[in-house]
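Numbered from 1 within each chain, the chains take letters A, B, ... in sequence-line order.
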Amino acid sequence: MEAVVVKGISKHYGKDRFVAVDNVSFTVNKGEIFGIIGPDGAGKTSLFRVLTTLLLPDGGEAMVDGLDVVKDFKQIRQTIGYMPGKFSLYQDLTVEENLNFFATVFKTTIKENYHLIKDIYVQLEPFKDRRAGKLSGGMKQKLALSCALIHKPTVLFLDEPTTGVDPVSRKEFWQMLKKLKNEGITILVSTPYMDEATLCDRIALMQKSEILAIETPQAIIDSFPKELYKAKSVSTPALLNDIKAWSDDIYAYPFGENVHFTFQKESINVEELRTYLYEKEHHNLEMEPDIPSIEDCFIHLLRA
Amino acid sequence: MRTLLFLLQKEFKQIYRYKAMVRIIIGMPIMQLLLLPLAADYEIKNINLAVVDNDHSTYSQQLVSTIIGSGYFRLAEYNQSYKKSLKLIESDKADLILEIPEGFERNLVRENKDQVLVAVNAINGTKANIGASYLNNIIKNYNQSLRMKLVTSNQGNQAIAIDLVNSNWYNPEMDYKSFMVPGILALLVTIIGGFLAALNIVREKEIGTIEQINVTPVRKSYFILGKLIPFWVIGNVVFTIGLVLSWLVYGIVPAGNLLVLYSFIWVYLLAVLGLGLLISTYCETQQQAMFINFFFIMIFILLGGLFTSIDSMPGWAKIIARINPVSYIIDVFRMIILKGSGFKDILPHIGIISFMALLLNSWAIKNYRKTS
């Protein structure tokens, strides 16, 4: 059963018809965590706003819970939860007042769905009389998630929920999402962080208003077409330049403190490269084949 | 209903917590009502008068001292030549010149008539014109008292004098305060109503909270009502403060029924709030809302009939005045506060303002989009 069906959705803005979302299609199954991974400006937020009935698409159609986002927007608003990328709760109301407010607006109470937010809310409880605007970044995210959950939505839309949140809070946040998934809530989450991609059941890689691939993270990694090598020496920039200079058939890019590279042709001898690099005085050179990460896949998809 | 009550509760909490705002809302009307009526006064004083007395007689001196004694004029120069006085006007040291001709006294006694010259500096038109008419009045009075004296001394030669006597109804002493104060109160209510509601919605847009509200099932009309009602209540509070203040400070007590006055204010506030809300649905930032509001409020105030009479405006301005809510509130305030008009008298005003309120608010609700 599909929770979200998107068929050829397009959205453009302004006179010069700047394209934000271009003919995007995918389906999200009930109870899965579906990640939309892409850099800033890829069109993730526009897509989310179409799916949450805030933005009218210029083409295509989309269904959430079997309801059309254009025609049945009223019913959709009853059943979905949305957490915008920008903190959008009332900063001058306290934690408890915000939660209470959103519960009432959805004609429910905190008590009724307390089990859903319990794990998050216990961390917020000590600050419940604090104004939302005075919370730390991580706490704000937790409050926003609580408010988006308080009416027990069937589908949860999280637009870059972990942007600007510290690594520990990010980890906790993803643990919460796993728990919510077990409650049967479908989660659509967008993020610019590649490391979060592996935490999703399936991901869609989005770039320049288009979707490049939709797969499970493992399948995307498995479909990596080439052999990947990593290299490391004292100076990464120099190493990168030398590897690039060696052959036109090589594609190299910096990856953390390493340099990752692939070959266009299989015939190239890695040992030749090694000797060449020794000649270039990269003495502490370490070079070996590596398992591609989602980020490598994404970089290669962008090149294609 | 529960949702609406909750929206209202939230809105009041937010307003209350915005301490600076509360102070402005309460403090602004008090300040303005205390200061503005003292300054915004049509009565013109301290008109600089240059007198060119070519006669140097008892009569001419009497005339000058009567003029100065009236309290409206200040003697800028005396006993100069006309040319010199004109220089004073050029350098803006004098507003008016009064030239008394040679043989003024002799001609008055012998031939029973003479002329004086009044020259006016029309750069500050209002001041000079009003000054000239004050001066005319004083000279006329002086002339009359003089003739009475002459007539009584040669009896039998009784001149028939027709005299016009004015009496100002509803404001017998022509006290400017008793119509400036209600006028300023009317403007305050308009500004509070027009600005606060508009800025509030646009603020939600700027901060982004409206995004979260828009994905909820809250009805558009509830959302707008949630914004309308709190500021309607605040408008009433401000109006009441103003009314009490004008009674305490200026001794102005409405001649008509208070309930009639309030019933008009209730409808009027809905109309100005509606305009503010409508503007806010078209704006994305508080700056935009502010400027558009200013545009309308400026027109409303200048063409509202408080500072200049609508009857003397050109035709197109009269048409604007007809759709200008401020012209109605100023009219109604004068009718109720000065004249003591009843509910029946202001019924047409209430009718038109209700129509405006209905139109503006439904337009605002229609134009407020939860989807873009």
Side-chain angles (χ1 to χ4, degrees), chain A residues 11 13 45-46 48-58 64 69-71 73-94 96-109 131-134 143-144 147-148 150-151 153 155-157 159, chain B residues 1-25 196 199-227 229-231 281 284-286 365-372:
Chain A
K11 178 73 200 174
Y13 294 110
T45 299
S46 293
F48 269 56
R49 286 174 52 103
V50 168
L51 294 178
T52 50
T53 75
L54 289 172
L55 202 61
L56 289 173
D58 293 312
V64 175
V69 290
V70 180
K71 275 181 258 156
F73 67 93
K74 275 190 180 156
Q75 284 125 284
I76 290 182
R77 282 176 190 164
Q78 309 267 6
T79 59
I80 60 164
Y82 175 45
M83 187 175 147
K86 194 178 151 198
F87 183 68
S88 305
L89 300 179
Y90 290 101
Q91 315 235 9
D92 40 6
L93 295 184
T94 66
E96 203 180 13
E97 282 165 348
N98 264 302
L99 199 56
N100 215 346
F101 175 74
F102 284 100
T104 313
V105 154
F106 282 101
K107 297 190 169 61
T108 176
T109 56
R131 307 258 167 102
K134 300 241 159 72
L143 176 60
C147 287
I150 196 64
H151 59 292
V155 185
L156 191 57
F157 292 89
D159 189 8
Chain B
M1 252 343 256
R2 213 174 87 88
T3 314
L4 182 61
L5 282 178
F6 224 83
L7 280 169
L8 290 175
Q9 195 191 340
K10 172 220 124 196
E11 212 61 54
F12 274 116
K13 259 185 203 160
Q14 284 187 300
I15 294 167
Y16 177 71
R17 283 184 190 164
Y18 199 172
K19 287 274 186 269
M21 204 60 180
V22 178
R23 268 181 229 134
I24 292 169
I25 293 172
L196 288 182
L199 291 185
N200 188 286
I201 286 199
V202 182
R203 211 181 112 185
E204 289 224 15
K205 283 191 193 176
E206 272 186 357
I207 300 176
T209 45
I210 210 159
E211 187 98 337
Q212 196 84 64
I213 289 286
N214 284 349
V215 282
T216 67
V218 168
R219 275 197 247 154
K220 287 205 284 186
S221 50
Y222 276 12
F223 182 77
I224 296 272
L225 275 178
K227 295 289 175 195
I229 295 171
F231 293 107
T281 59
E284 290 305 317
T285 63
Q286 294 194 54
I365 291 175
K366 197 176 173 322
N367 196 56
Y368 163 53
R369 289 191 193 291
K370 289 178 76 174
T371 309
S372 54

All heavy atoms of A:Arg77 vs all of B:Asn214, minimum pair found to be NE-O, 3.2 Å
Of the listed A:Ile80, A:Thr52, A:Leu56, the one with the largest count of heavy-atom pairs under 4.5 Å with chain B is A:Leu56
>> Within the supplied structure, the quantity of interest is the number of heavy atoms (other residues, nucleotides, ligands) at a distance under 6.0 Å from B:Tyr16 OH; does it exceed 12?
In response: no
Shortest non-hydrogen pair, A:Phe106 vs B:Val215, comes out as CZ-O, 4.2 Å
When the 4.5 angstrom heavy-atom criterion is applied to A:Glu97 and chain B, the contacting part is side chain
Turns out that what part of A:Gln91 lies under 4.5 Å from chain B's heavy atoms comes down to side chain
Smallest heavy-atom separation, B:Gly208 atom then A:Lys86 atom, equals N-NZ, 4.1 Å
Closest non-hydrogen atoms of B:Arg203 and A:Asp92, given as atom of the first, atom of the second and distance, are NH2-OD2, 3.7 Å
Under 4.5 Å to a heavy atom of chain B? For A:Phe87 that would be backbone
Scored by heavy-atom pairs under 4.5 Å with chain A, the best of B:Arg2, B:Gln14, B:Lys13, B:Glu204 is B:Gln14
When the 4.5 angstrom heavy-atom criterion is applied to A:Lys74 and chain B, the contacting part is neither
Discussion item. Determine whether B:Thr216 and A:Phe101 satisfy the following criterion, side chain to side chain contact (heavy atoms under 4.5 Å, CB included), listing intermediate values before the conclusion.
Written reply: CA-CA 11 Å; B:Thr216 67; A:Phe101 175 74; over 6 Å; no
Okay, A:Thr79 and chain B: the region with an atom under 4.5 Å from a heavy atom over there is neither
Smallest heavy-atom separation, A:Leu89 atom then B:Thr209 atom, equals O-CG2, 3.3 Å
* Asked: Between A:Tyr82 and B:Glu211, is a side chain to side chain contact (heavy atoms under 4.5 Å, CB included) present by the stated rule, with each step listed?
  -> CA-CA 9 Å; A:Tyr82 175 45; B:Glu211 187 98 337; 3.7 Å; yes
Applying a strict 4.5 Å limit to non-hydrogen atoms, the region of B:Gln9 in contact with chain A is neither
Minimal heavy-atom distance between B:Lys10 and A:Leu93, with the atoms involved, is CG-CD1, 3.6 Å
So, the part of B:Arg219 with a heavy atom under 4.5 Å from chain A: the answer is neither
